[in-house]
Amino acid sequence: MRKTIAAFAALTLALGTTTACSDSEDSGKPAKITMLVLGDKPSNGRLEAMLKVLNPRLTEQANATLELHYIEWADWQTQYNVQLLSGDSSMDLITTATDWLFAWENAQKGAFLPLSDDILKKNAPKTWAQVDAKGDWDLTKLDDGQIYFIPEDNYTQWTNHGFMYRGDWAKAAGIPDATITKFEQFTQYFTWVKKNKPKAYPWDVAKQNEAALTGYLQGHSDWVTLQEVSTSSYYPFQVDNSGAAPKVTSWYYNSDQLLAAATEAKQWNDLGVWREDALNYDGNTREEMYAGLSGAEQHHTQTFVTQVVDTMTKKQPGSDPKMFYWGRENGNVYRDIKTHGAMAVSANSKHPDKALQVYDLIRNDKTDYDLLNFGIEGTDYVLTGGKLDRPKGWDISTDALDSNFWAGRMDEFEPDKVTDAPNKADIYKGLDSVAKVYPFSTLRVKKDQIDPTLTAVGGVLSQYIPQLQYGKAKDPAATIAEMRKKLKDAGFEDALKSIQADMDEWSKTHKAK
(Lines give C-alpha, C1' and ligand atoms only; values in the text may rest on other atoms or scores of the structure.)
Protein backbone atom coordinates (compact mmCIF):
# COMPACT_ATOMS: atom_id res chain seq x y z
CA MET A 1 0.00 0.00 0.00
CA ARG A 2 2.74 2.43 1.00
CA LYS A 3 4.80 1.68 -2.09
CA THR A 4 1.75 2.05 -4.31
CA ILE A 5 0.98 5.47 -2.85
CA ALA A 6 4.62 6.50 -3.17
CA ALA A 7 4.81 5.36 -6.79
CA PHE A 8 1.57 7.15 -7.66
CA ALA A 9 2.74 10.32 -5.94
CA ALA A 10 6.09 10.16 -7.74
CA LEU A 11 4.31 9.70 -11.09
CA THR A 12 1.95 12.56 -10.29
CA LEU A 13 4.90 14.79 -9.49
CA ALA A 14 6.77 13.80 -12.63
CA LEU A 15 3.74 14.50 -14.81
CA GLY A 16 2.39 17.44 -12.88
CA THR A 17 5.49 19.50 -12.26
CA THR A 18 5.41 21.10 -15.69
CA THR A 19 1.72 21.91 -15.28
CA ALA A 20 2.26 23.43 -11.84
CA CYS A 21 5.05 25.56 -13.20
CA SER A 22 3.13 26.70 -16.27
CA ASP A 23 0.01 27.58 -14.23
CA SER A 24 1.81 30.36 -12.36
CA GLU A 25 3.73 31.44 -15.45
CA ASP A 26 0.67 31.50 -17.76
CA SER A 27 -1.37 33.54 -15.31
CA GLY A 28 1.52 35.86 -14.62
CA LYS A 29 0.69 35.65 -10.93
CA PRO A 30 3.29 34.48 -8.41
CA ALA A 31 2.59 31.09 -6.86
CA LYS A 32 1.82 31.41 -3.15
CA ILE A 33 3.96 28.94 -1.24
CA THR A 34 2.85 28.21 2.31
CA MET A 35 5.40 26.77 4.74
CA LEU A 36 4.23 25.00 7.88
CA VAL A 37 6.34 25.86 10.93
CA LEU A 38 6.14 25.05 14.63
CA GLY A 39 5.61 27.72 17.27
CA ASP A 40 3.22 30.36 18.51
CA LYS A 41 2.37 32.82 15.77
CA PRO A 42 3.92 36.24 16.48
CA SER A 43 1.58 39.19 16.86
CA ASN A 44 4.05 42.08 16.93
CA GLY A 45 4.01 42.73 13.17
CA ARG A 46 7.69 41.94 12.65
CA LEU A 47 7.03 38.77 10.63
CA GLU A 48 4.67 40.56 8.25
CA ALA A 49 7.13 43.43 7.82
CA MET A 50 9.91 40.99 6.94
CA LEU A 51 7.74 39.15 4.38
CA LYS A 52 6.95 42.46 2.66
CA VAL A 53 10.66 42.73 1.91
CA LEU A 54 11.34 39.06 1.22
CA ASN A 55 8.42 38.34 -1.09
CA PRO A 56 9.29 40.85 -3.83
CA ARG A 57 12.69 39.14 -3.98
CA LEU A 58 11.12 35.69 -4.23
CA THR A 59 8.73 36.96 -6.89
CA GLU A 60 11.63 38.20 -8.97
CA GLN A 61 13.73 35.10 -8.38
CA ALA A 62 11.08 32.36 -8.67
CA ASN A 63 7.73 34.02 -9.42
CA ALA A 64 6.55 32.93 -5.99
CA THR A 65 5.77 34.32 -2.56
CA LEU A 66 6.06 32.79 0.90
CA GLU A 67 3.56 32.62 3.73
CA LEU A 68 3.95 30.86 7.08
CA HIS A 69 1.36 28.64 8.72
CA TYR A 70 1.96 28.04 12.42
CA ILE A 71 1.19 24.93 14.43
CA GLU A 72 1.11 26.45 17.90
CA TRP A 73 2.52 24.74 20.97
CA ALA A 74 -0.85 24.08 22.60
CA ASP A 75 -1.60 20.43 21.73
CA TRP A 76 0.95 20.69 18.95
CA GLN A 77 1.53 16.95 18.51
CA THR A 78 -2.12 16.30 17.69
CA GLN A 79 -2.60 19.43 15.61
CA TYR A 80 0.56 18.82 13.58
CA ASN A 81 -0.37 15.30 12.53
CA VAL A 82 -4.00 16.24 11.86
CA GLN A 83 -2.86 19.07 9.59
CA LEU A 84 -0.46 16.87 7.64
CA LEU A 85 -3.02 14.16 7.01
CA SER A 86 -5.96 16.50 6.33
CA GLY A 87 -5.46 16.67 2.56
CA ASP A 88 -5.13 20.46 2.76
CA SER A 89 -3.81 21.59 -0.62
CA SER A 90 -2.84 25.03 0.70
CA MET A 91 0.25 23.60 2.41
CA ASP A 92 3.42 23.33 0.31
CA LEU A 93 6.51 23.09 2.51
CA ILE A 94 6.35 21.08 5.74
CA THR A 95 8.81 21.41 8.60
CA THR A 96 9.52 17.91 9.84
CA ALA A 97 12.08 15.80 11.73
CA THR A 98 12.69 12.12 12.31
CA ASP A 99 13.21 12.40 16.06
CA TRP A 100 10.37 14.68 17.20
CA LEU A 101 8.09 15.51 14.27
CA PHE A 102 7.05 12.03 13.13
CA ALA A 103 8.75 12.27 9.72
CA TRP A 104 8.86 8.55 9.01
CA GLU A 105 5.31 7.97 10.18
CA ASN A 106 3.96 10.78 8.02
CA ALA A 107 6.02 9.70 5.04
CA GLN A 108 4.63 6.19 5.35
CA LYS A 109 1.10 7.56 5.56
CA GLY A 110 1.49 9.52 2.33
CA ALA A 111 1.72 13.05 3.76
CA PHE A 112 4.95 13.89 1.91
CA LEU A 113 5.63 13.97 -1.80
CA PRO A 114 8.40 11.56 -2.89
CA LEU A 115 11.21 13.60 -4.42
CA SER A 116 13.14 12.23 -7.37
CA ASP A 117 16.77 13.11 -7.99
CA ASP A 118 15.76 14.95 -11.17
CA ILE A 119 13.09 17.06 -9.45
CA LEU A 120 15.58 18.12 -6.78
CA LYS A 121 18.38 18.80 -9.24
CA LYS A 122 16.06 20.92 -11.39
CA ASN A 123 14.29 22.95 -8.70
CA ALA A 124 16.71 22.91 -5.74
CA PRO A 125 20.11 22.51 -7.39
CA LYS A 126 22.21 24.14 -4.67
CA THR A 127 20.53 22.13 -1.96
CA TRP A 128 20.87 18.94 -3.97
CA ALA A 129 24.59 19.49 -4.51
CA GLN A 130 25.34 20.32 -0.86
CA VAL A 131 23.44 17.37 0.60
CA ASP A 132 24.81 15.03 -2.06
CA ALA A 133 28.37 16.11 -1.34
CA LYS A 134 27.88 15.15 2.30
CA GLY A 135 26.37 11.82 1.28
CA ASP A 136 23.25 12.45 3.34
CA TRP A 137 20.40 11.62 0.99
CA ASP A 138 20.25 8.06 2.35
CA LEU A 139 19.13 9.57 5.66
CA THR A 140 15.88 10.65 3.99
CA LYS A 141 14.82 7.46 2.19
CA LEU A 142 12.33 4.78 3.09
CA ASP A 143 12.72 1.17 1.99
CA ASP A 144 11.26 2.09 -1.41
CA GLY A 145 14.40 4.13 -2.13
CA GLN A 146 12.50 7.41 -2.46
CA ILE A 147 13.65 10.67 -0.89
CA TYR A 148 10.89 12.09 1.31
CA PHE A 149 12.47 15.21 2.76
CA ILE A 150 15.61 17.36 2.79
CA PRO A 151 17.89 17.21 5.84
CA GLU A 152 19.18 20.22 7.74
CA ASP A 153 22.63 18.68 7.56
CA ASN A 154 24.90 21.70 7.35
CA TYR A 155 24.09 23.39 10.65
CA THR A 156 25.87 22.88 13.97
CA GLN A 157 23.60 22.75 16.99
CA TRP A 158 23.13 20.90 20.25
CA THR A 159 19.58 19.99 21.17
CA ASN A 160 20.46 17.73 24.09
CA HIS A 161 18.08 18.64 26.89
CA GLY A 162 18.73 19.53 30.48
CA PHE A 163 18.01 21.94 33.33
CA MET A 164 18.97 25.62 33.14
CA TYR A 165 19.41 27.05 36.61
CA ARG A 166 20.83 30.00 38.51
CA GLY A 167 24.45 29.78 39.59
CA ASP A 168 23.98 32.48 42.23
CA TRP A 169 21.22 30.46 43.89
CA ALA A 170 23.20 27.22 43.53
CA LYS A 171 26.13 28.85 45.32
CA ALA A 172 23.86 30.02 48.12
CA ALA A 173 22.43 26.49 48.31
CA GLY A 174 25.90 25.13 49.04
CA ILE A 175 26.49 23.44 45.69
CA PRO A 176 30.28 23.08 45.18
CA ASP A 177 31.55 25.64 42.66
CA ALA A 178 27.88 26.58 42.16
CA THR A 179 27.85 23.87 39.50
CA ILE A 180 25.42 20.95 39.58
CA THR A 181 27.07 17.76 38.32
CA LYS A 182 24.52 15.14 39.37
CA PHE A 183 20.78 15.05 38.82
CA GLU A 184 20.10 14.37 42.52
CA GLN A 185 21.72 17.69 43.48
CA PHE A 186 18.65 19.48 42.20
CA THR A 187 16.85 18.32 45.34
CA GLN A 188 19.31 20.38 47.38
CA TYR A 189 18.96 23.32 44.99
CA PHE A 190 15.16 23.20 44.88
CA THR A 191 14.97 22.93 48.68
CA TRP A 192 17.00 26.12 49.05
CA VAL A 193 14.89 27.99 46.50
CA LYS A 194 11.67 26.90 48.19
CA LYS A 195 12.91 28.08 51.57
CA ASN A 196 14.63 31.31 50.56
CA LYS A 197 12.71 32.57 47.51
CA PRO A 198 9.04 32.37 48.55
CA LYS A 199 7.78 34.19 45.44
CA ALA A 200 9.49 31.74 43.08
CA TYR A 201 8.79 28.16 42.17
CA PRO A 202 11.93 26.05 42.33
CA TRP A 203 10.99 24.70 38.88
CA ASP A 204 7.98 26.31 37.24
CA VAL A 205 7.05 23.65 34.73
CA ALA A 206 3.91 23.46 32.64
CA LYS A 207 1.81 20.84 30.88
CA GLN A 208 3.09 17.58 29.47
CA ASN A 209 6.65 16.97 30.58
CA GLU A 210 8.74 13.99 31.61
CA ALA A 211 12.10 15.57 32.41
CA ALA A 212 11.93 14.58 36.06
CA LEU A 213 12.02 10.99 34.82
CA THR A 214 14.10 11.03 31.62
CA GLY A 215 16.67 13.42 33.05
CA TYR A 216 17.35 10.96 35.83
CA LEU A 217 17.17 7.86 33.64
CA GLN A 218 19.60 9.09 31.01
CA GLY A 219 22.22 9.82 33.63
CA HIS A 220 21.78 6.49 35.41
CA SER A 221 21.79 4.18 32.41
CA ASP A 222 23.88 3.65 29.30
CA TRP A 223 20.81 2.93 27.17
CA VAL A 224 20.22 5.17 24.16
CA THR A 225 16.73 6.33 23.30
CA LEU A 226 15.51 5.01 19.96
CA GLN A 227 14.54 8.18 18.14
CA GLU A 228 12.84 6.40 15.25
CA VAL A 229 9.81 5.31 17.29
CA SER A 230 7.56 7.65 19.23
CA THR A 231 4.00 7.51 20.41
CA SER A 232 2.25 10.75 21.25
CA SER A 233 5.25 12.76 22.53
CA TYR A 234 6.87 9.82 24.31
CA TYR A 235 9.83 7.74 23.21
CA PRO A 236 9.15 4.45 24.95
CA PHE A 237 11.96 2.36 23.44
CA GLN A 238 15.66 2.42 24.21
CA VAL A 239 18.58 0.33 22.98
CA ASP A 240 21.08 -1.49 25.17
CA ASN A 241 24.13 -1.26 22.97
CA SER A 242 26.60 -2.73 25.44
CA GLY A 243 26.55 -6.27 24.11
CA ALA A 244 27.59 -7.91 20.89
CA ALA A 245 24.32 -6.88 19.21
CA PRO A 246 21.92 -4.00 19.97
CA LYS A 247 19.01 -5.06 22.17
CA VAL A 248 15.77 -3.09 22.11
CA THR A 249 14.39 -2.44 25.59
CA SER A 250 12.52 0.27 27.53
CA TRP A 251 13.03 2.50 30.52
CA TYR A 252 9.32 2.54 31.16
CA TYR A 253 8.84 -1.20 30.79
CA ASN A 254 12.08 -2.80 31.98
CA SER A 255 14.32 -0.36 33.83
CA ASP A 256 14.92 -0.75 37.56
CA GLN A 257 15.89 2.93 37.69
CA LEU A 258 12.37 4.14 36.90
CA LEU A 259 11.29 3.65 40.51
CA ALA A 260 14.17 5.80 41.79
CA ALA A 261 13.29 8.54 39.30
CA ALA A 262 9.59 8.45 40.22
CA THR A 263 10.39 8.44 43.94
CA GLU A 264 12.51 11.55 43.56
CA ALA A 265 9.75 13.22 41.53
CA LYS A 266 7.33 12.51 44.37
CA GLN A 267 9.79 14.08 46.79
CA TRP A 268 9.91 17.18 44.59
CA ASN A 269 6.12 17.36 44.43
CA ASP A 270 5.82 17.04 48.20
CA LEU A 271 8.40 19.81 48.54
CA GLY A 272 6.37 22.11 46.29
CA VAL A 273 8.90 22.34 43.46
CA TRP A 274 6.17 23.11 40.90
CA ARG A 275 2.72 24.63 41.07
CA GLU A 276 -0.11 22.31 42.07
CA ASP A 277 -1.89 22.69 38.73
CA ALA A 278 1.28 22.40 36.62
CA LEU A 279 -0.29 19.95 34.19
CA ASN A 280 -2.99 22.49 33.31
CA TYR A 281 -0.93 25.68 33.59
CA ASP A 282 -0.64 27.54 30.27
CA GLY A 283 1.73 30.34 31.25
CA ASN A 284 5.21 30.98 29.86
CA THR A 285 7.59 29.40 32.35
CA ARG A 286 10.71 30.80 30.69
CA GLU A 287 9.39 34.29 31.16
CA GLU A 288 8.83 33.38 34.80
CA MET A 289 12.50 32.47 35.07
CA TYR A 290 13.48 35.73 33.39
CA ALA A 291 11.35 37.53 35.98
CA GLY A 292 13.11 35.77 38.87
CA LEU A 293 10.06 33.65 39.66
CA SER A 294 11.45 30.24 38.71
CA GLY A 295 14.69 28.55 39.69
CA ALA A 296 14.93 26.28 36.68
CA GLU A 297 13.86 25.85 33.08
CA GLN A 298 14.03 22.69 31.01
CA HIS A 299 15.13 22.87 27.38
CA HIS A 300 18.20 22.20 25.26
CA THR A 301 21.74 23.54 25.02
CA GLN A 302 21.07 25.53 21.85
CA THR A 303 18.38 27.54 23.62
CA PHE A 304 20.65 28.05 26.60
CA VAL A 305 23.66 29.42 24.72
CA THR A 306 21.74 31.54 22.21
CA GLN A 307 18.93 32.96 24.34
CA VAL A 308 18.82 32.21 28.03
CA VAL A 309 22.33 33.24 29.08
CA ASP A 310 22.05 36.69 27.54
CA THR A 311 18.45 37.33 28.61
CA MET A 312 19.01 36.14 32.17
CA THR A 313 22.19 38.19 32.46
CA LYS A 314 20.27 41.30 31.41
CA LYS A 315 17.02 40.70 33.30
CA GLN A 316 18.53 39.07 36.40
CA PRO A 317 22.00 40.63 36.78
CA GLY A 318 24.37 38.39 38.71
CA SER A 319 22.22 35.30 38.21
CA ASP A 320 25.13 33.41 36.62
CA PRO A 321 22.98 31.09 34.47
CA LYS A 322 24.23 27.54 34.12
CA MET A 323 23.08 24.34 32.49
CA PHE A 324 23.08 20.70 33.54
CA TYR A 325 22.51 18.40 30.58
CA TRP A 326 20.96 14.95 30.86
CA GLY A 327 23.59 12.24 30.90
CA ARG A 328 26.32 14.43 32.34
CA GLU A 329 27.05 11.94 35.10
CA ASN A 330 27.90 9.07 32.78
CA GLY A 331 28.55 10.65 29.38
CA ASN A 332 25.31 9.25 27.97
CA VAL A 333 24.81 12.01 25.44
CA TYR A 334 24.63 11.94 21.65
CA ARG A 335 25.26 14.45 18.91
CA ASP A 336 22.28 15.74 16.97
CA ILE A 337 21.08 13.65 14.09
CA LYS A 338 21.08 15.42 10.74
CA THR A 339 17.33 15.01 10.41
CA HIS A 340 16.50 16.75 13.68
CA GLY A 341 15.36 19.43 11.27
CA ALA A 342 14.14 18.61 7.76
CA MET A 343 11.88 20.00 5.04
CA ALA A 344 9.29 18.02 3.10
CA VAL A 345 6.97 18.96 0.27
CA SER A 346 3.32 18.29 0.98
CA ALA A 347 1.81 15.47 -1.08
CA ASN A 348 -1.12 17.83 -1.74
CA SER A 349 0.93 20.83 -2.86
CA LYS A 350 -0.35 22.49 -6.03
CA HIS A 351 3.11 23.91 -6.73
CA PRO A 352 5.75 21.36 -5.73
CA ASP A 353 8.28 22.76 -8.19
CA LYS A 354 7.85 26.30 -6.88
CA ALA A 355 7.96 25.03 -3.30
CA LEU A 356 11.38 23.52 -3.95
CA GLN A 357 12.57 26.63 -5.76
CA VAL A 358 11.56 28.82 -2.82
CA TYR A 359 13.21 26.43 -0.38
CA ASP A 360 16.43 26.46 -2.40
CA LEU A 361 16.45 30.25 -2.16
CA ILE A 362 15.70 30.65 1.54
CA ARG A 363 18.36 28.02 2.28
CA ASN A 364 21.10 29.18 -0.10
CA ASP A 365 20.58 32.83 -1.02
CA LYS A 366 22.23 34.83 1.76
CA THR A 367 19.95 37.87 1.46
CA ASP A 368 16.81 35.73 1.48
CA TYR A 369 18.24 33.66 4.32
CA ASP A 370 19.09 36.70 6.42
CA LEU A 371 15.62 38.18 5.96
CA LEU A 372 13.80 35.00 6.93
CA ASN A 373 16.02 34.16 9.88
CA PHE A 374 17.04 37.54 11.25
CA GLY A 375 14.58 40.06 9.81
CA ILE A 376 15.22 43.57 8.51
CA GLU A 377 18.63 45.01 9.22
CA GLY A 378 18.40 48.14 11.34
CA THR A 379 15.02 47.18 12.81
CA ASP A 380 15.23 43.52 13.79
CA TYR A 381 19.00 43.33 13.98
CA VAL A 382 22.20 45.28 13.49
CA LEU A 383 25.77 44.16 12.89
CA THR A 384 28.33 45.09 15.51
CA GLY A 385 31.90 44.19 14.69
CA GLY A 386 30.65 41.53 12.31
CA LYS A 387 28.42 39.98 14.97
CA LEU A 388 24.65 39.99 14.91
CA ASP A 389 23.29 42.40 17.51
CA ARG A 390 19.92 43.92 18.34
CA PRO A 391 18.84 47.57 18.12
CA LYS A 392 18.66 49.57 21.31
CA GLY A 393 15.51 48.76 23.25
CA TRP A 394 14.92 45.45 21.45
CA ASP A 395 13.40 42.82 23.78
CA ILE A 396 13.13 39.14 22.90
CA SER A 397 9.88 38.91 24.84
CA THR A 398 8.11 41.49 22.67
CA ASP A 399 10.16 42.05 19.51
CA ALA A 400 11.20 38.58 18.33
CA LEU A 401 10.73 37.72 14.64
CA ASP A 402 9.77 34.09 15.40
CA SER A 403 9.91 32.87 11.81
CA ASN A 404 11.07 29.52 13.21
CA PHE A 405 12.90 28.30 10.12
CA TRP A 406 14.33 25.12 11.63
CA ALA A 407 14.66 23.05 8.49
CA GLY A 408 17.38 24.50 6.35
CA ARG A 409 19.81 26.54 8.39
CA MET A 410 23.39 26.77 7.13
CA ASP A 411 26.55 27.30 9.16
CA GLU A 412 28.06 29.55 6.48
CA PHE A 413 25.21 32.06 6.87
CA GLU A 414 25.03 31.99 10.66
CA PRO A 415 27.02 34.89 12.12
CA ASP A 416 28.25 34.89 15.66
CA LYS A 417 25.84 36.81 17.85
CA VAL A 418 26.69 39.26 20.56
CA THR A 419 23.98 37.53 22.57
CA ASP A 420 25.66 34.13 22.39
CA ALA A 421 26.96 32.86 25.70
CA PRO A 422 30.56 34.06 26.13
CA ASN A 423 31.59 30.47 26.79
CA LYS A 424 29.57 28.98 23.94
CA ALA A 425 32.65 27.52 22.26
CA ASP A 426 33.76 25.90 25.50
CA ILE A 427 30.29 24.44 26.08
CA TYR A 428 30.22 22.96 22.59
CA LYS A 429 33.78 21.69 22.90
CA GLY A 430 32.94 20.03 26.20
CA LEU A 431 29.92 18.30 24.72
CA ASP A 432 31.81 17.27 21.64
CA SER A 433 34.48 15.62 23.77
CA VAL A 434 32.00 13.21 25.38
CA ALA A 435 29.09 12.93 22.95
CA LYS A 436 28.71 9.91 20.72
CA VAL A 437 27.34 9.67 17.18
CA TYR A 438 23.78 8.37 17.17
CA PRO A 439 24.13 5.02 15.35
CA PHE A 440 20.58 4.28 14.19
CA SER A 441 19.81 7.10 11.73
CA THR A 442 19.44 4.65 8.86
CA LEU A 443 17.24 2.19 10.77
CA ARG A 444 13.75 2.04 9.27
CA VAL A 445 11.24 0.56 11.67
CA LYS A 446 8.15 -0.95 10.08
CA LYS A 447 5.78 1.21 12.07
CA ASP A 448 2.81 0.41 9.86
CA GLN A 449 2.88 -3.09 11.38
CA ILE A 450 2.68 -1.80 14.95
CA ASP A 451 0.75 1.47 14.62
CA PRO A 452 -2.36 0.25 16.52
CA THR A 453 -0.16 -1.06 19.30
CA LEU A 454 1.81 2.17 19.51
CA THR A 455 -1.45 4.10 19.77
CA ALA A 456 -2.55 1.88 22.65
CA VAL A 457 0.87 2.24 24.29
CA GLY A 458 0.63 6.01 23.94
CA GLY A 459 -2.72 5.95 25.69
CA VAL A 460 -1.27 4.06 28.65
CA LEU A 461 1.76 6.33 28.91
CA SER A 462 -0.43 9.44 28.69
CA GLN A 463 -2.34 8.14 31.69
CA TYR A 464 0.62 7.23 33.90
CA ILE A 465 3.67 9.31 32.97
CA PRO A 466 2.11 12.61 34.11
CA GLN A 467 1.34 10.99 37.49
CA LEU A 468 4.92 9.82 37.84
CA GLN A 469 6.53 12.99 36.43
CA TYR A 470 4.59 15.31 38.72
CA GLY A 471 4.89 13.03 41.75
CA LYS A 472 1.15 12.55 42.13
CA ALA A 473 1.36 8.78 42.61
CA LYS A 474 1.05 8.00 46.32
CA ASP A 475 2.83 4.69 45.80
CA PRO A 476 5.24 4.99 42.84
CA ALA A 477 6.13 1.28 42.91
CA ALA A 478 2.50 0.21 42.71
CA THR A 479 1.77 2.77 39.99
CA ILE A 480 4.71 1.57 37.90
CA ALA A 481 3.61 -2.04 38.29
CA GLU A 482 0.07 -1.11 37.22
CA MET A 483 1.38 0.85 34.24
CA ARG A 484 3.57 -2.03 33.11
CA LYS A 485 0.69 -4.47 33.31
CA LYS A 486 -1.42 -2.19 31.13
CA LEU A 487 1.47 -1.77 28.71
CA LYS A 488 1.75 -5.53 28.43
CA ASP A 489 -2.01 -5.79 27.85
CA ALA A 490 -1.68 -3.12 25.15
CA GLY A 491 0.78 -5.32 23.27
CA PHE A 492 4.02 -3.62 24.31
CA GLU A 493 6.03 -6.83 24.11
CA ASP A 494 4.74 -7.53 20.60
CA ALA A 495 5.84 -4.07 19.47
CA LEU A 496 9.21 -4.57 21.11
CA LYS A 497 9.70 -7.88 19.30
CA SER A 498 8.75 -6.30 15.98
CA ILE A 499 11.23 -3.46 16.45
CA GLN A 500 13.90 -5.94 17.54
CA ALA A 501 13.35 -7.89 14.32
CA ASP A 502 13.86 -4.71 12.31
CA MET A 503 16.98 -3.97 14.36
CA ASP A 504 18.36 -7.45 13.75
CA GLU A 505 17.81 -7.13 10.02
CA TRP A 506 19.45 -3.68 9.98
CA SER A 507 22.41 -5.01 11.97
CA LYS A 508 23.28 -7.44 9.17
CA THR A 509 24.53 -4.54 7.05
CA HIS A 510 25.16 -1.76 9.59
CA LYS A 511 27.27 -1.26 12.68
CA ALA A 512 25.67 0.02 15.86
CA LYS A 513 28.89 1.27 17.43
Side-chain angles (χ1 to χ4, degrees), residues 30-39 41-42 44-70 92-93 95 123-131 150-157 159 302-303 305-307 310-311 340-343 354-421 424:
K32 183 176 74 174
I33 301 303
T34 300
M35 180 168 68
L36 184 149
V37 299
L38 277 292
K41 185 176 182 178
N44 56 17
R46 296 312 314 149
L47 179 75
E48 290 79 4
M50 176 274 292
L51 289 173
K52 285 182 179 179
V53 179
L54 174 62
N55 277 329
R57 289 184 53 82
L58 295 179
T59 298
E60 181 179 352
Q61 293 167 309
N63 197 26
T65 61
L66 178 67
E67 290 190 3
L68 273 60
H69 176 88
Y70 286 78
D92 299 289
L93 293 170
T95 302
N123 295 292
K126 292 184 178 180
T127 300
W128 166 267
Q130 180 264 299
V131 177
I150 302 167
E152 186 181 61
D153 65 337
N154 200 36
Y155 177 65
T156 302
Q157 63 178 331
T159 56
Q302 190 82 353
T303 298
V305 300
T306 62
Q307 297 179 25
D310 181 71
T311 307
H340 176 74
M343 186 64 75
K354 290 297 180 186
L356 287 170
Q357 290 169 30
V358 167
Y359 179 74
D360 205 42
L361 287 165
I362 60 178
R363 177 173 174 134
N364 298 290
D365 182 287
K366 187 178 187 304
T367 300
D368 296 339
Y369 184 99
D370 288 351
L371 281 165
L372 181 60
N373 286 280
F374 312 128
I376 299 171
E377 185 174 0
T379 302
D380 296 300
Y381 74 96
V382 295
L383 293 175
T384 303
K387 292 185 177 182
L388 190 142
D389 200 354
R390 300 298 182 182
K392 184 177 181 180
W394 188 94
D395 189 322
I396 190 174
S397 301
T398 56
D399 301 322
L401 181 66
D402 286 332
S403 57
N404 297 357
F405 181 55
W406 303 332
R409 290 167 292 182
M410 302 281 279
D411 277 341
E412 63 193 276
F413 296 149
E414 288 288 324
D416 289 333
K417 303 176 180 64
V418 297
T419 54
D420 285 343
K424 175 183 175 179

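Within a 6.0 Å sphere centred on CD of E60, other residues, nucleotides and ligands contribute 12 heavy atoms or fewer. Counting heavy-atom neighbours within 6.0 Å of K424 NZ, excluding the residue itself, gives a total above 12.
Residues F374 and P415 share a closest heavy-atom pair of CZ-CD, 3.7 Å. Considering all non-hydrogen atoms of both residues, T419 and T306 come closest at OG1-O, 4.0 Å. The shortest heavy-atom contact between A64 and I33 is CB-CG1, 4.2 Å. Between T95 and L36, the shortest heavy-atom contact is OG1-O, 2.6 Å. What you find for A407 and E152 is that their closest heavy atoms are N-OE2, 3.4 Å. Scanning all heavy atoms of the two residues, the minimum distance from M343 to F405 falls at CE-CE1, 4.0 Å.
Using a 4.0 Å cut-off between charged nitrogen and carboxylate oxygen, R363 and D153 count as a salt-bridge pair.
By the 4.5 Å heavy-atom criterion applied to side chains, T34 and D92 are counted as neighbours. Counting heavy atoms from C-beta outward, W394 and V382 have side chains that stay 4.5 Å or more apart. Put simply, the side chain of R390 reaches to within 4.5 Å of the side chain of Y381, judged on heavy atoms. Side chains of L47 and D402 form no contact here, defined as non-hydrogen atoms less than 4.5 Å apart. Taking the side chain as every heavy atom from C-beta outward, I376 and R46 approach each other to under 4.5 Å.
With respect to M35, the side chain to side chain contact (heavy atoms under 4.5 Å, CB included) criterion is satisfied by exactly one of V358, L93, N404: L93. Checking L54, N373, V53 one by one against D368, the side chain to side chain contact (heavy atoms under 4.5 Å, CB included) holds for a single residue, L54.
At distances below 3.5 Å, at least one donor-acceptor pair connects side-chain atoms of K354 with backbone N or O atoms of A62. Not a single donor-acceptor pair under 3.5 Å links the side chain of D416 to the backbone N or O of K387. A donor-acceptor pair under 3.5 Å is absent between the side-chain atoms of D310 and the main chain of D420, judged by distance alone. Not a single donor-acceptor pair under 3.5 Å links the side chain of Q302 to the backbone N or O of T159. Under the 3.5 Å distance criterion, the side-chain polar atoms of D360 are left unmatched by any main-chain donor or acceptor of L356. Formation of a donor-acceptor pair under 3.5 Å by the Y359 side chain with backbone atoms of I150 is not found in this model.
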Item to check | side-chain hydrogen bond (donor to acceptor under 3.5 Å, both in side chains) evaluation trace for T398 with N44 | outcome: CA-CA 7 Å; T398 56; N44 56 17; over 6 Å; no
Next on the checklist: For E412 and N154: C-alpha separation, side-chain torsions, deciding distance, then whether side chain to side chain contact (heavy atoms under 4.5 Å, CB included) applies.
Outcome noted: CA-CA 9 Å; E412 63 193 276; N154 200 36; 3.9 Å; yes
Item to check | Criterion salt bridge (Lys or Arg N to Asp or Glu O under 4.0 Å) on D365 and R57, from CA distance to verdict | outcome: CA-CA 11 Å; D365 182 287; R57 289 184 53 82; 3.2 Å; yes
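Rounding to the nearest 0.5 angstrom, the gap separating the OG1 atom in T65 from the NZ atom in K52 is 14.0 Å. Taken to the nearest 0.5 Å, the NZ atom of K366 stands 12.5 Å off from the CE atom of M410. Going from atom CZ of R409 over to atom OG1 of T156 covers 11.0 Å, rounded to the nearest 0.5 Å. To the nearest 0.5 angstrom, M50 atom CE is 11.5 Å from D370 atom CG. To the nearest 0.5 Å, the span separating NZ on K126 from CD on Q130 amounts to 12.0 Å. For the atom pair CG (L372) and OG1 (T367), the distance works out to 12.5 Å, reported to the nearest 0.5 Å.
Remark: the N55 side chain and the E67 side chain contain no N/O donor-acceptor pair separated by less than 3.5 Å.
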